Amino acid sequence: MLDTMIIGAGPAGMAAGIYAARAELSHLVLESGLMSGGQIVNTSEVDNYPGLKGIGGFELAMKFREHCDACGVKFRDGKVVKVEKNEERFLISLEDGETYSAKTVLFATGAKHRTLGVPGEAEFAGSGVSYCATCDGAFFRGKEVAVIGGGDVAIEDAIFLARICKKVYLVHRRDEFRAAKTLVNRLRACENVEFVVKATPARIEGAGKVERLVVNTETGERELPVSGVFVAVGMLPNSELLQGLVSLDASGYVIAGEDCRADVPGVFAAGDLRTKHLRQVVTAAADGATAIYEIEAYLNER
Ligand code: NAP
């Protein structure tokens, strides 16, 4: 039986792996994606991780993984389908049929992209509609695109796309932005960016490929002649496995404080999955460390 099963290999899961290995806890980090890193793999630049200013998201993920490997962190590919509490232990079932038992479970499963739910979005997903500017931006070199959203991701994406696209429309439903002011100011300085504010996407249209985004504005409908639509309207927590196991808030985030303890003994949550004010790489990594510290304390209590 493992001391802890760490589910997820983003910054929170990998930081937890490093702390678990160094604390000599028997552990396994389960990763369900093609590679370690979580959301940062798709981030063009991480400018606020201390000591590594301006590092690419992919490169940062690789550094985390190299650090894990050097510390002897144990990884396994696999998608978890069920986690059950059975008296003093947890049974973790994987899609491939294998079951593990562990004294504690640390969920570090992060979050996924929210969709708009407008006509055309699903139809053109992957062929004109994208959720990752870093991954797909190059396909729209020299073309006109729209970015939807007013958070850090939308503004960062728009800055990135402005470098390679002919024109970028930044479409936001309000005229105030959640994004950091420095980012918004950088975007305002881009000559090929038009801010389309107080505008909500109505539909995405085209014959076989995206040809326009139609938005509702205060003065009626407006057609933006774009060949790409980048949706950056926030995230939804990957908390399906925890439904019925621990308490979640109204948005589906695991209710857990700074100690990362969920309301069922032995269940911990770290990173974007947990209720918190600031979801960043640095806070996810910090959670991973804290969670292992708390897991050690929990195991000692028993
Ligand atoms: P976010 O901060 O939640 O912003 C989502 C944006 O999408 C908001 O502007 C929201 O509008 C808009 N929106 C939501 N639903 C919408 C809908 N149905 N239609 C139109 N617009 C909609 O999400 P995020 O930008 O993905 O960022 C997620 C977290 O990661 C944040 O905490 C962010 O700070 C962090 N992050 C950090 C870094 C970094 O450290 N460098 C980089 C990227 C992201 P309203 O504002 O009107 O609600």
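Reckoned from all heavy atoms, side chains included, excluding hydrogens, waters and symmetry mates. None of the values given here were measured: they were computed from a predicted structure.
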Is there a path of hydrophobic side-chain contacts, each under 4.5 Å between heavy atoms, that joins [X] and [Y]?
X: M235; Y: V231; result: no
X: Y293; Y: F268; result: no
X: F195; Y: V145; result: yes
X: I55; Y: V282; result: yes
X: V197; Y: V168; result: yes

Paired with I155, the side-chain contact (heavy atoms from CB on, under 4.5 Å) test is passed by just one of L170, V147, T182, namely L170

Hey, is [atom1] on [X] packed in by over 12 heavy atoms from elsewhere, all under 6.0 Å?
X: K85; atom1: NZ; answer: yes
X: E240; atom1: CD; answer: yes
X: K112; atom1: NZ; answer: yes

Out of curiosity, [X] [atom1] to [Y] [atom2], how far, rounded to the nearest 0.5 Å?
X: Y253; Y: N238; atom1: OH; atom2: CG; value: 9.5 Å
X: K166; Y: S227; atom1: NZ; atom2: OG; value: 9.5 Å
X: F75; Y: I6; atom1: CZ; atom2: CD1; value: 8.5 Å
X: M14; Y: F64; atom1: CE; atom2: CZ; value: 6.5 Å
X: T4; Y: I295; atom1: OG1; atom2: CD1; value: 3.5 Å

Quick check against the 3.5 Å criterion: does [X] have a side-chain atom that pairs as donor or acceptor with the backbone of [Y]?
X: S32; Y: G8; value: no
X: S26; Y: D3; value: yes
X: D287; Y: G271; value: yes

Pairing residues for Q243 by the side-chain contact (heavy atoms from CB on, under 4.5 Å) criterion, not counting sequence neighbours: L248

Applying side-chain contact (heavy atoms from CB on, under 4.5 Å), can you list everything that pairs with D96, at least two apart in sequence or on another chain? R76, L94, E98

Got a salt bridge between R203 and E123, using NZ or NE/NH1/NH2 to carboxylate O under 4.0 Å? no

Is the shortest distance from a Lys or Arg side-chain nitrogen in R274 or E258 to a carboxylate oxygen in the other one below 4.0 Å? yes

Step through it carefully: locate the ring centre of F160, locate the ring centre of F230, and say whether they are under 6.0 Å apart. no

Can a side-chain donor-acceptor contact be found between S247 and D263 if the only test is distance below 3.5 angstrom? yes

With a 4.5 Å cut-off on side-chain heavy atoms, are [Y] and [X] touching?
X: L183; Y: I159; value: yes
X: E296; Y: Y19; value: no
X: L242; Y: L273; value: yes

Pair listing, side chain to side chain donor-acceptor pair (under 3.5 Å) test, anchored in residues 190-201, at least two apart: K167-E194, E194-R222

